Amino acid sequence: MLCALSSFPIPQSPNRNQIHHVKSQSSETLKIDLLRSFSSPFELRQVHAQIVKTNAPLSILPLTRVGLVCAFTPSFHYAQQIFECVEKQKPETFVWNSCLKALAEGDSPIDAIMLFYRLRQYDVCPDTFICSSVLRACLNLLDLSNGRILHGVVEKLGFRSNLYLQNMIVHLYASCGEMAEARLLFEKMPQRDVVTWNIMIAQLIKQGDHEGAYDLFSWMPERNVRSWTSMIAGYVQCGKAKEAIHLFAKMEEAGVKCNEVTVVAVLAACADLGALDLGMRIHEYSNQHGFKRNVRISNTLIDMYVKCGCLEEACRVFEEMEERTVVSWSAMIGGLAMHGRAEEALRIFSDMSQVGIEPNGVTFIGLLHACSHMGLINEGRRFFASMTRDYGIIPQIEHYGCMVDLLSRAGLLREAHEFILNMPMKPNGVVWGALLGACRVHKNVEMAEEAIKHLLALDPLNDGYYVVLSNIYAEAGRWEDTARVRKFMKDRQVKKTPGWSSITVDGVVHEFVAGEESHPDTEQIFQRWEELLEEMRLKGYVPNTSVVLLDIEEGEKVKFVSRHSEKLALVFGLMNTPAGTPIRIMKNLRICEDCHSAFKLISAIVNREIVVRDRNRFHCFNDNSCSCRDYW
DNA sequence: GTAGGGTTAG
């Protein structure tokens, strides 16, 4: 066995004691030592010498290590000689492939590509496995030029019929943005399997071509759980949660069982839609299938419960987790912030620091949100300063947005403006929009005009900005300016997004659009509203018609506000759910001021908890007060 | 020994 190496010079070890010592060891101990022993060809030669002296078989050498240690040194050939000696155990290409794999999947995929060229230089003929590992390296690096070379090699070596390699090549072209090329290859492939289709679907989704993805999905001859999950997750990622849920239902119909990844995707869709019923069902399914220890599932569950307004349930999931990552903590902090529970969010953050979890940028967005929603200005400033100073996190535009929101909401409009002007990057619509929104609350027309100037340049078709500006003018009694804004919108064909609210009763989602009477129960809803109104008036409720933009007479305005979508949804909920149970409503825009004060009163009158998730945050009404403490 | 889908913000 050692004969092949007998003519090869074995270096003298500088440490004779060590050799002497090794001599007395059993080969088992020697093996353990060897694993830790060499990190250079020189040391390898020493170990080699020890092996020869102790008569241990050369095969105890960790061959991948041998390869990696020699790969980029003049001892390359020495490694080859060692591989030759143990060839019966593992062929040379096998060993080199272990090295390539380790490099390709590790921190230095570029070294895998280098090693590949080295192998060719030493006349090692690549097999399919080697090609696969190097393609993996190209994929991880998104290295198209080397990928093309590899593609050529695969063709030249006659591996065209190898499905594994063809799939990787398609994947590579697609990931590098060469979709047309990927598509061509895909169409020319002599055979495809479900993986090929799945790769194409996932890549189309990544590039935003959901229609193309769905086309392939509906055409593919056979779908497995990954195909379904890719489509579902793709829909969730592009904000089409409804389509995701629809597809999930079809998947269940088709009898395909979901796995852990599907669970994550569906839960994320439930979070977006506020679909608590389905979310809870998936939670149960997840537990029954032993997914309880999956951290990503738990993280998504926290988010789902948070966004469905069940903070306590989110806390329970968080408490029960055996292992928590920065995502778990951040989801919890962000969730508490959304519900206006700033003190708890800050406490969770300190718990997190105590257990030694490093925060990331998202954690700070949650913290800044918490401060912003509750007016904790100094704490917010401290966090903003601390993120770079203590954690080396460079604030992104989102963090600046939070700070502008924090300052301007608190009425520090000048400081907020100053802050925007000093930002190291170009402020976006979110940043100026935060300032504009606060200008309304603090009735500052001048600053609003400054903000709108920038917003019009950035995003001239966003109706929200015009609506706020027009409100600001209206509240200042500047009706001519209000009219001017309206005309401006009309000229540019900007339409106000209709407000809608939804409520789920017995698993059915009921949607209400402001001013529309499309729901079959509209008649009864109006009737019940009138009754409620009587009770509310007795408690001092006066409709706040300043939220109505239209230039119409007061009586009409009152009628207008009473037809707001959140009010319709609430009344429907009161009529169709058992007394005492919480009512959960979702709204696409921010809740209006009149609805906010009305809901406070109603919560006391009917003695029920009303949870409203609006575009920005949660409002939890109880006994004539709101969790936002009217700061929003 | 080789190929495909997942979590927090917005």
Side-chain angles (χ1 to χ4, degrees), chain A residues 64 90-91 93-102 104-105 126-136 139 154 159 162-172 174-175 192-203 205-206 213 220 223-234 236-237 239 258-269 271-272 291 294-304 306-307 314 318 324-335 337-338 359-369 396-399 401-402 428-430 433 615-616:
Chain A
T64 308
K90 280 171 186 170
T93 49
F94 182 101
V95 185
W96 285 123
N97 186 44
S98 330
C99 299
L100 288 166
K101 245 181 88 172
E105 286 161 11
D127 62 4
T128 56
F129 298 102
I130 284 183
C131 291
S132 154
S133 297
V134 186
L135 278 167
R136 163 61 55 203
L139 201 55
V154 168
F159 297 153
N162 184 302
L163 204 46
Y164 280 91
L165 293 178
Q166 293 306 317
N167 283 343
M168 286 194 91
I169 291 167
V170 168
H171 190 181
L172 180 73
S175 309
R192 311 177 192 109
D193 63 0
V194 63
V195 179
T196 328
W197 289 86
N198 286 352
I199 289 170
M200 286 298 290
I201 288 174
Q203 291 304 316
I205 286 172
K206 271 208 182 108
M220 64 194 291
R223 299 179 197 99
N224 63 15
V225 60
R226 284 192 182 214
S227 330
W228 287 97
T229 306
S230 288
M231 268 324 290
I232 294 172
V236 179
Q237 277 154 19
C258 56
N259 64 17
E260 288 161 278
V261 184
T262 328
V263 165
V264 168
V266 179
L267 285 174
D272 273 4
F291 300 164
N294 182 316
V295 180
R296 287 185 176 188
I297 290 185
S298 300
N299 292 343
T300 319
L301 273 171
I302 292 175
D303 191 47
M304 186 275 289
V306 160
K307 290 184 178 155
F318 181 77
R324 302 184 188 106
T325 64
V326 62
V327 177
S328 331
W329 292 93
S330 305
M332 217 45 237
I333 291 170
M338 234 189 270
N360 64 17
V362 182
T363 321
F364 278 97
I365 289 178
L367 287 169
L368 293 175
H369 262 146
Q396 302 297 303
I397 195 149
E398 289 83 0
H399 299 99
C402 289
N428 61 12
V430 177
R615 196 195 176 102
N616 254 352

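Please read these numbers as outputs of a predicted model, since none were measured by experiment.
Judged by distance alone, with hydrogens and angles left aside, A/T229 brings a side-chain donor or acceptor within reach of the base of B/dG5, the pair sitting under 3.5 Å.
Nucleic acid contact for A/S98: none, since no nucleic acid atom lies under 4.0 Å from a heavy atom of the residue. As judged by a 4.0 angstrom heavy-atom cut-off over every strand, A/I297 is placed among the base-contacting residues. At a threshold of 4.0 angstrom between heavy atoms, the contacts of A/V170 with the nucleic acid are absent. Residue A/D303 is in sugar-phosphate contact alone, with no base atom involved, counting any heavy-atom pair closer than 4.0 Å across all strands shown. Heavy atoms of A/E260 sit under 4.0 angstrom from at least one base atom. Contacts of A/A202 with the nucleic acid, taken as non-hydrogen atoms under 4.0 Å apart, involve only primed sugar atoms and P, OP1 or OP2. Residue A/T93 is classed as a base contact, given a heavy-atom separation below 4.0 Å to a base. Within 4.0 Å of A/S230, counting heavy atoms only, lie sugar-phosphate atoms of the nucleic acid but no base atom.
The side chain of A/R136 contributes no N or O atom lying less than 4.0 Å from OP1 or OP2 of B/dG1. Regarding contacts with the backbone of B/dA9, a side-chain N or O of A/K307 is found under 4.0 angstrom from either OP1 or OP2. Neither OP1 nor OP2 of B/dG5 sits under 4.0 Å from any side-chain N or O of A/Q237.
Picking from B/dT2, B/dG5, B/dA3 the nucleotide with the shortest atom distance to the side chain of A/N162 gives B/dT2.
The distance from atom CG of A/N616 to atom C1' of B/dA9 is 13 Å, rounded to the nearest whole Å. Note: CD1 (A/I232) to P (B/dG4) measures 20 Å, nearest angstrom. Following rounding to the nearest Å, A/I365 (CD1) and B/dT8 (C1') show an atom-to-atom distance of 9 Å.
Checked by atom type and distance alone, the side chain of A/R136 never pairs as donor or acceptor with a backbone atom of A/K101 at under 3.5 Å. Using modelled atom types, no side-chain atom of A/N167 and backbone atom of A/V170 make a donor-acceptor pair closer than 3.5 Å.
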